[in-house]
Every structure is written in C-alpha cells, then in structure tokens.
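First the structure, in the form of structure tokens, and then the observations on it.
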Amino acid sequence: MLVKQRRPRGFPPGPSPIPVIGNIMSLATEPHVFMKKQSEIHGQIFSLDLGGYSAVVLNGYDAIRECLYHQGDVFSDRPSLPLFMKMTKMGGLLNAKFGNGWIEHRQLASNSFRYFGSFQKPLDQKILEECMFFVDAIDEHKGKPFNPKHLVTNAVSNITNLIIFGERFTYDNCDFQHMIEIFSENVELAVSGWAFLYNAFPWIEYLPFGKHQKLFRNAAKVYNFLEQIIRRFSEGRVCNFPRHYIDDYLNKLDKSAGNLGTPYSRENLIYSVGELIIAGTETTTNTLRWAMLYMALYPNIQEKVHMELDSVLGSEKSPSLADKKRMPYVEAVLHEVLRFCNIVPLGIFRATTQDTLVSGYNIPKGTMVITNLYSVHFDEKYWCDPGTFSPHRFLDSNGNFVRREAFLPFSLGKRHCLGEHLARMEMFLFFTTMLQRFHLQFPPGTVPSLTPKLGMTLQPLPYSICAVRRQQ
Ligand code: HEM
C-alpha cells in the first residue's frame, strides 16, 4: 500500500503543500527541473505531498546510487498507484510488484530477447536489414523537408516486433501505427496533472471530463488491439518449438496450468507485450529524433561524425557492432544525446519494499520514490558546464571514448532498463547507417524549438528536416 500519511516522523522535508492538492500544481511544467531546484533548498533527498500521499524524490548521482544500488532490494518495488492498478493491476513486467511474478516475467523477456533476437540470424544483421528499409524510406523524400517522427517510430518498433511477433510490420500498416500513437499519448498523459489528481482522488473516475478519461479510453483500445494481434500470431503454435516471445509465453502459461500461484495469465501477457512495445519504441525513437535534431543544429559536430564514418566505413561497407570501438566520436555523440536530452527524466516510479533509513531519514515501506535522472546528468559535482551540449566530455585527450560514472539514462539497480543492450545496438546501427548516407539540415530559414514535449519521456516537438544524399 502507498504511504497515505503526510510526512511521517523522520521523513525527508520538502516544499510547503497547498491544502488538499499538496504540491501537485508544481509538477505541471518541467517537473524534473522543479525537483532539481527544490533539492538545492531541501537537500538531495526531499519529499513531495501529492495530495494525500507522500513521495520521496532522489536527486543527484550520490543519492540515487546510495538507494538504487547500495539498497537495491529495498528500492525495487513499483508504487501501487490507483492509475497503475487500473491499467495493469500491478501485473505484467514493467509495472509489476517486486516479487516472484516480476522475476518470472523479467527472466522470460530477457531470455526471449537473447534467443529470438538471434533466432535464425544474428540480431545486428536483422537490425541492419531494418536500417536499409529506413534509409530507403528517407531517400523517398529526395532531400525535401519531412517530419521524421513516424518513420523513426516504425523502424525502431520493428526490432521489438521481430522478437515479440517474429515479423516486422510494413511502414504503411495503419492499425499498428495508430495503436503506437495512442499508446504514446498515454505515456504523456500518465504524468499529467489529471493523472496525479486521479492517484490522489480516484473517485474522479466518475467525472465525465478530464484527461484521465482519455487515458482510460486509449488503454482500452490498445489492449483490445493487442489481444487480437496476440491471437493472430499465436495461431499454429507448436509446443516446445516457440517462434517468438508470444509462443514462449503461452507455452509457459500452458505448463503452469493448474498451479495456483502462477503469475502467467493471458491478461499479464497482454500487459507485458504492451510494455515491451512501448518501452522499446518510445525511448529509442526519441533518442534518435533528438540525435537527428542536434546533428542539424551543430553542423561542425555532424561533420566530425561524417569524417569518422568515412574513415572507418567509407561509402560502401555497412556498419557493424564490431566497428563501434573504432568510432569513439559517434559513441561520444550518442552518449551526449542521452545525457543532455534526458529521455526518461524521472525514471519509472519506484517504491520501497521495507522500512529503511537513508541519510538519517526514515522512509517507510510502500513509499513512492521518484528518481530524478535528469538531476544526475546535470549534477555539477560530476559534470562541468552540464547545460552545454558537448560530446567531448566523453573523450580523453587522445580522442578515446571514456565511460562516465554519473551517466544513468537506463537507471540503476534491480529494475534497471531491460532493453539497454538492444537499445544501444539500435541507436548505433540506425544512426551510423543514416549518417553514412545523408547530410542532415533544417529547411532554409527554420530552426526548430529545443523545448521538449513533456511526458514520462521527453521528446522533441514535431520538426521538419532535410536528409540530403552525401557525395563521398
Ligand atoms: C525500464 C530507459 C530502451 C524495456 C527503463 C527505465 C529507464 C529506461 C530509465 C526505468 C528503470 C527503473 O525503474 O529505474 C530506457 C532508455 C532506452 C530504453 C533511455 C533507449 C534509449 C528500452 C528498450 C526496451 C526497454 C529497447 C525493450 C524492448 C524496458 C523495460 C523496463 C525498462 C521492460 C522495466 C524494467 C523492470 O521494471 O524490471 N528503461 N529504456 N527499454 N525498460 Fe528501458
């Protein structure tokens, strides 16, 4: 259960709450920035009143490492928020309570990613095939302005589609695209003021208006679509010969039939498939969209990327993962995009599994915990001039790539991102395949806004870009 009491004894301090709604209103615009500013007043660990229940906010690398890494078991639950309970009944994978159900679902997904990722062909070969569809589709714009959002989304989602369904979907599959669109609208709505209000006052479910109603309608449509598509792709399943994640899950479900404690169910399959699709698509897509935008914004950085690609690959050879270590500048650019753009600025909300003590504060079992990953990437103790976009911070004086400690775009601890390895492969191969062929520039006289669109993830506002074929 959530900690309903307002600031229990020994709890971290925080900004003064407004009666009834607490600090909810302060989260309306750029909550990650608001929280970092509050940490300068109240300390790295402070609390917020979210209208009747309290949340602890962790800021800066030291506090996040202390809790997520050194007290890994304690900070690995998800909060039983009314919204999450309504959406996934705290089952599935990403939203699952810390325990056997989560362990089984995480293990099954990890095994599937490893096995079906490389089923019949190595995964990087499969990603490269998708990269070819992607650059061909870019080429169709013939250097004229286009909004890359849908194209990047379709290409990136196809990598998880291969693992989950064993197939890619063509870029004109309107039903799948519509599902992703309303699902990603929900990623935005899940941290809107209405979502926080619903968590504090679940009875607003019965109000006929409010953005939370849209969220519920979207979720019903997404689950309906997923149910149908899962049925379609499980046709012809042969036990012990799984073709993809869905077969594997259904085999487990069959084997556990009659076992009362089993976490496998048709419902949890739908939730897990939805979570894997959206967690895999929204994040990597936004990273690549930011990367394209920053390449056009900083032609000098793009030129260095081109030079490295030309010297390692030339114009004919396709990139491979083995080339990564020979491309320190590309690696530095992709790391700086992840640091600077903060794709998942507040991580995914956590909760404590037991009472604990951190930096002298008491944090009771069941407390909701917000990990401000943005504050890690802008932590002045670890980053010099964090507000400047500079890939050089990931290079040593000889131009070699250097890992940085306070770099946590995939979070830390037991619930850290399950898809980090896959995401890194996708980003590298899509980015290098695209920049090997194209010069990215904004249409003459335009410079897009750098202000992110807010949600669980930060994405660029829609922008147009020209991808002009390079003459090498
Ligand atoms: C969780 C970031 C790509 C699947 C997370 C979390 C973050 C994150 C910050 C929260 C971890 C926590 O609770 O503290 C990212 C970024 C990505 C990316 C920045 C790309 C650039 C992917 C991909 C997949 C994926 C490609 C899979 C297809 C998941 C899952 C979880 C998760 C299943 C929940 C893990 C759990 O609760 O055990 N990710 N992610 N992510 N991510 Fe990713």
Side-chain angles (χ1 to χ4, degrees), residues 32 58 64-65 67-69 72 75-79 84 88 90-99 101-114 116-117 123 127 130 152-153 155-165 180 187 245 268 271-291 334-352 368-377 407-431 456-459:
H32 51 291
L58 306 176
I64 289 190
R65 185 190 46 193
C67 296
L68 268 50
Y69 184 72
F75 285 85
S76 288
D77 209 353
R78 299 281 184 222
F84 294 167
T88 61
M90 307 312 290
L93 162 55
L94 184 140
N95 256 339
K97 296 301 284 177
F98 187 58
W102 166 73
I103 294 175
E104 296 259 349
H105 279 80
R106 186 159 169 130
Q107 227 158 44
L108 177 71
S110 303
N111 291 343
S112 284
F113 272 57
R114 216 170 303 124
F116 297 113
L123 184 54
I127 299 176
E130 191 62 44
V152 180
T153 306
V156 165
S157 65
N158 268 342
I159 309 305
T160 26
N161 289 340
L162 281 173
I163 297 168
I164 296 172
F165 304 111
I180 291 269
V187 174
Y245 172 78
N268 277 339
Y271 298 149
S272 309
V273 167
E275 288 167 346
L276 289 171
I277 292 176
I278 204 67
T281 304
E282 183 84 4
T283 47
T284 315
T285 295
N286 289 341
T287 313
L288 285 167
R289 287 174 63 212
W290 281 117
L334 289 173
H335 278 70
E336 182 63 348
V337 170
L338 285 168
R339 182 198 72 85
F340 192 75
C341 300
N342 291 291
I343 310 300
V344 195
L346 298 178
I348 298 173
F349 300 152
R350 303 265 189 125
T352 45
M368 170 167 156
V369 178
I370 300 176
T371 53
N372 189 354
L373 300 180
Y374 156 82
S375 71
V376 174
H377 296 152
F407 177 73
L408 300 179
F410 300 98
S411 191
L412 198 62
K414 304 220 159 174
R415 299 295 291 244
H416 78 273
C417 176
L418 174 102
E420 173 171 352
H421 180 62
L422 179 65
R424 284 178 180 276
M425 282 200 238
E426 290 178 26
M427 286 183 296
F428 178 77
L429 293 173
F430 277 111
F431 185 74
M456 290 276 280
T457 60
L458 294 184
Q459 57 173 302

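Computed from a predicted model, the values in this text were never measured in an experiment. Note that ligands are numbered from 1 as they come in the structure, with each ligand's atoms numbered from 1 the same way.
Here T371 has no heavy atoms under 4.0 Å from ligand 1, in either its backbone or its side chain. For L94, heavy-atom contacts with ligand 1 shorter than 4.0 Å involve the backbone as well as the side chain. At a heavy-atom cutoff of 4.0 Å, ligand 1 is contacted by no atom of K414, backbone or side chain.
Interface of T287 with ligand 1, defined as ligand atoms under 4.0 Å from a residue heavy atom, comprises 21 (C). Interface atoms of ligand 1 facing L373, defined by a heavy-atom separation under 4.0 Å, are 9 (C). With ligand atoms numbered from 1 in the order given, ligand 1 contributes 20 (C), 26 (C) to contacts under 4.0 Å with heavy atoms of T284. Of all the atoms in ligand 1, the ones that sit under 4.0 Å from a non-hydrogen atom of T160 are 28 (C). Near R350, the atoms of ligand 1 lying under 4.0 angstrom from a non-hydrogen atom of the residue are 12 (C), 13 (O), 14 (O). Of all atoms in ligand 1, listed by their number and element, those nearer than 4.0 Å to a heavy atom of W102 are 36 (C), 37 (O), 38 (O).
Counting heavy atoms from C-beta outward, W102 and S76 have side chains that stay 4.5 Å or more apart.
Contact annotation: E275 has no heavy atom less than 4.0 Å from any atom of ligand 1. At a 4.0 Å cut-off, at least one heavy atom of F113 sits close enough to ligand 1 to count as contact. Using a 4.0 angstrom heavy-atom cutoff, L408 does not count as in contact with ligand 1.
Nearest protein neighbour of atom 6 (C) of ligand 1, counting heavy atoms only, is I348 CD1, 3.9 Å. Protein heavy atom in closest approach to atom 35 (C) of ligand 1: R106 NH1, 3.3 Å. When hydrogens are left out, the protein atom nearest atom 11 (C) of ligand 1 is R415 O, 3.1 Å; that is the closest non-hydrogen contact. Scanning the protein heavy atoms around atom 19 (C) of ligand 1, the nearest turns out to be P409 O, 3.6 Å.
Checked by atom type and distance alone, the side chain of S375 pairs as donor or acceptor with a backbone atom of N372 at under 3.5 Å. Between the side chain of T281 and the backbone N or O of I278, no donor-acceptor pair lies under 3.5 Å. Checked by atom type and distance alone, the side chain of Q459 never pairs as donor or acceptor with a backbone atom of N286 at under 3.5 Å. In this structure a side-chain-to-backbone donor-acceptor pair under 3.5 Å is missing from E420 to F410.
In this structure R78 satisfies the salt bridge (Lys or Arg N to Asp or Glu O under 4.0 Å) test with no other residue, sequence neighbours excluded. Every salt bridge (Lys or Arg N to Asp or Glu O under 4.0 Å) that R339 has, sequence neighbours left out, goes to E336. F84 pairs by the ring pair (Phe, Tyr, Trp, His ring centres under 6.0 Å) definition with nothing, not counting sequence neighbours.
Listed here is the closest heavy atom pair of V156 and G280: CG1-O, 3.7 Å.
Between D77 and K97 a salt bridge is recorded (basic side-chain N to carboxylate O distance below 4.0 Å).
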Q: Go through F75 and T352 one step at a time and tell me if the side chain to side chain contact (heavy atoms under 4.5 Å, CB included) criterion holds.
A: CA-CA 5 Å; F75 285 85; T352 45; 3.8 Å; yes
Q | Candidate pair N342 and H377, rule side-chain hydrogen bond (donor to acceptor under 3.5 Å, both in side chains), full reasoning | A | CA-CA 8 Å; N342 291 291; H377 296 152; 2.8 Å; yes
Q) What's the verdict on side-chain hydrogen bond (donor to acceptor under 3.5 Å, both in side chains) for H421 and R114, showing C-alpha distance, side-chain angles and the deciding distance? A) CA-CA 10 Å; H421 180 62; R114 216 170 303 124; over 6 Å; no
**Q.** V273 vs I277, side chain to side chain contact (heavy atoms under 4.5 Å, CB included): CA-CA, chis, key distance, verdict
**A.** CA-CA 6 Å; V273 167; I277 292 176; 3.8 Å; yes
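Annotation: protein N, O or S atoms under 2.8 Å of atom 43 (Fe) of ligand 1 (waters excluded) comprise C417 SG.
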